[in-house]
Amino acid sequence: MGIQSSIEASSAKFTPAMQRVATAIRDTPSLVLNKTIYELAETCETSVASVVRFCQALGLSGYAQLRMSLATELGKETAQYGGNLILGAEIAKSDTLREMASKVASLEMLAIDETVSGLDYEALERVVAALDKAQRILLFGIGASQFVAQDLHHKLFRIGRNAFLLADPHEAWTAALLSPPGTVAFGFSHSGETADTVRYIEIARQAGALTIALTGSPESPLAKAAEECLVSRARESRLRAGAMVSRIAQLAIVDCLFLGVANQRYEQTVDALQRTRDVTHPR
């Protein structure tokens, strides 16, 4: 995972002082390249010790490694996607519509690239195998995460899999509790901290279902509650009504899952897609 995506994924465990450092770097990553550790600490109204702890929370030895890693990452991203990413994930008030569109497009391409290249393919294969063999597939997410769950439901349903999209927490908990043998329970949450989704996974696991999480935080409560975890990478803007970049990253994983499941029974899948296309085609 890149440094900037690691900051996004680790934000829940930061102290308030470390959060100020994270926000400053998210808004202007080049701060680290242009300022000493003392200057950055002063800018963030915190101590040098807090900056060091921030680096260590990311798995780095200290500020020098943060600076080197970030410089390498920014250089690579600028060469690949253009200079917009250096400004960070935030949309500025002065941005034109064209500039905002360019920023979002760059970040979404970057999120897909980081997500796919960083996937645990052994875990992905296990999840594909579980979905292929499942007698019942329960899919649940809240808010924007429900749209991701809905997309996987639509794809699996189109090829005849026994998939259910659960509408609210009480329905999800009930379905999880009554999981028959062969059930796979799938929970979606970018933060991994949505309490209702975590409880759904916990109930399903206690009931004997195989539990899977799709999240942007591998250390989150949801990731720890599930038996299998697929991780997306994304840098979100605070100027959003719901998931934007993270939704695109998770949809990329959904597409990988669908293709993996579809390929397990290739001829049957092609036939199902053709027949469902025919029946919905306008006469």
Side-chain angles (χ1 to χ4, degrees), residues 108-109 111-168 171-172 175-176 179-180 182-190 192 194 197 200-201 204 209-216 222 226-234 242-282:
E108 289 181 351
M109 288 188 290
I112 292 172
D113 184 43
E114 280 194 326
T115 294
V116 174
S117 63
L119 270 177
D120 181 342
Y121 281 92
E122 291 183 358
L124 185 68
E125 288 181 359
R126 291 193 299 269
V127 173
V128 165
L131 292 174
D132 179 56
K133 297 174 183 175
Q135 298 300 307
R136 176 180 293 182
I137 301 168
L138 305 177
L139 307 167
F140 180 63
I142 287 179
S145 293
Q146 189 180 46
F147 297 135
V148 181
Q150 185 177 34
D151 191 70
L152 182 56
H153 171 261
H154 172 74
K155 287 177 165 64
L156 294 176
F157 197 70
R158 277 286 304 273
I159 59 174
R161 302 307 166 94
N162 196 25
F164 296 86
L165 179 66
L166 305 171
D168 61 60
E171 183 179 71
S179 296
T183 295
V184 169
F186 211 135
F188 300 78
S189 171
H190 173 59
T194 307
T197 307
Y200 153 74
I201 287 294
L210 175 66
T211 52
I212 303 167
L214 176 51
T215 180
L222 181 64
E227 294 161 272
E228 297 286 359
C229 182
L230 300 174
V231 181
S232 57
R233 325 286 190 188
M244 293 195 304
V245 178
S246 61
R247 184 191 72 247
I248 298 300
Q250 293 198 339
L251 286 173
I253 295 180
V254 164
D255 287 344
C256 291
L257 287 171
F258 168 71
L259 292 173
V261 172
N263 199 48
Q264 296 293 307
R265 308 180 198 180
Y266 188 88
E267 301 300 333
Q268 179 181 326
T269 297
V270 171
D271 178 64
L273 289 174
Q274 184 59 57
R275 288 194 293 132
T276 54
R277 187 177 297 116
D278 289 345
V279 79
T280 57
H281 193 277

Qualifying residue for side chain to side chain contact (heavy atoms under 4.5 Å, CB included) with Val128, from Leu259, Val261, Asn263: Val261
Heavy atoms only: give me the nearest Ile137-Arg161 pair and the separation to one decimal. CD1-CB, 4.5 Å
Minimum heavy-atom distance between Ser145 and Ser189, given as atom pair plus value: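 Closest approach of Ser145 to Ser189: OG-CA, 3.5 Å.
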I'd like to know if the side chain of Thr211 and the backbone of Glu227 have a donor-acceptor N/O pair within less than 3.5 Å. yes
Side-chain (Thr215) to main-chain (Val231) donor-acceptor, under 3.5 angstrom: no
Between [atom1] on residue [X] and [atom2] on residue [Y], distance to nearest 0.5 Å:
X: Leu152; Y: Leu257; atom1: CG; atom2: CG; result: 6.0 Å
X: Asp151; Y: Gln146; atom1: CG; atom2: CD; result: 12.5 Å
X: Gln274; Y: Thr269; atom1: CD; atom2: OG1; result: 13.0 Å
X: Phe188; Y: Thr194; atom1: CZ; atom2: OG1; result: 12.5 Å
X: Leu156; Y: Leu165; atom1: CG; atom2: CG; result: 11.0 Å
X: Ile112; Y: Leu251; atom1: CD1; atom2: CG; result: 9.0 Å

Count the heavy atoms belonging to other residues, nucleotides or ligands that lie under 6.0 Å from OH of Tyr266, then report whether that count exceeds 12.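 No.
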Take a 6.0 Å sphere around CZ of Phe157 and say whether it holds more than 12 heavy atoms from other residues, nucleotides or ligands. no
Contact list for residues 117-131, test salt bridge (Lys or Arg N to Asp or Glu O under 4.0 Å), sequence neighbours left out: Arg126-Glu228
Going by heavy atoms in the side chains, are Phe258 and Asp255 under 4.5 Å from each other? no
